Amino acid sequence: MYWEGHRRQDLIRFGKYKDMSWEWKGGSAIGNTTLSDYQLIFPIPNKELKSNKNLSQNPGY
């Protein structure tokens with residue numbers, strides 16, 4: 001379980017995240033493989049947006 005947190009980032013880095021399918025990917029029990037590009041990045045937390053006015057939210061969030 002220690003390295004599990006790296007899996008998503010590695011799949012995105014190597015261009016495999018949108019191609020692979022697994023249960024509950026994209027919130028679907030069958031493993032939705034049609035993800036939007038904005039789902040490859042995380043939203044910026046509101047706390048960070050409020051503390052730094054130079055930041056803007058990532059597109060799609």
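Fair warning: this is a prediction, and the values are worked out from it, not measured in the lab. Atoms considered below: every heavy atom in the structure, side chains included; atoms not considered: hydrogens, waters and symmetry mates.
Smallest separation of non-hydrogen atoms from R8 and Q39: NH2-O, 2.9 Å. Between I44 and Q57, the shortest heavy-atom distance links the atoms N-OE1, 2.7 Å.
Taken to the nearest 0.5 Å, the CG atom of L49 stands 8.5 Å off from the CG atom of N58.
Side-chain contact between Y17 and R7: absent, with no pair of heavy atoms (C-beta onward) separated by less than 4.5 Å. No side-chain heavy atom of K18 sits less than 4.5 Å from a side-chain heavy atom of L11.
Y61 contributes a side-chain N or O that, together with a main-chain N or O of I41, makes up a donor-acceptor pair within less than 3.5 Å.
Under 4.0 Å is where a charged nitrogen must lie from a carboxylate oxygen, and between R13 and D10 at least one such pair does.
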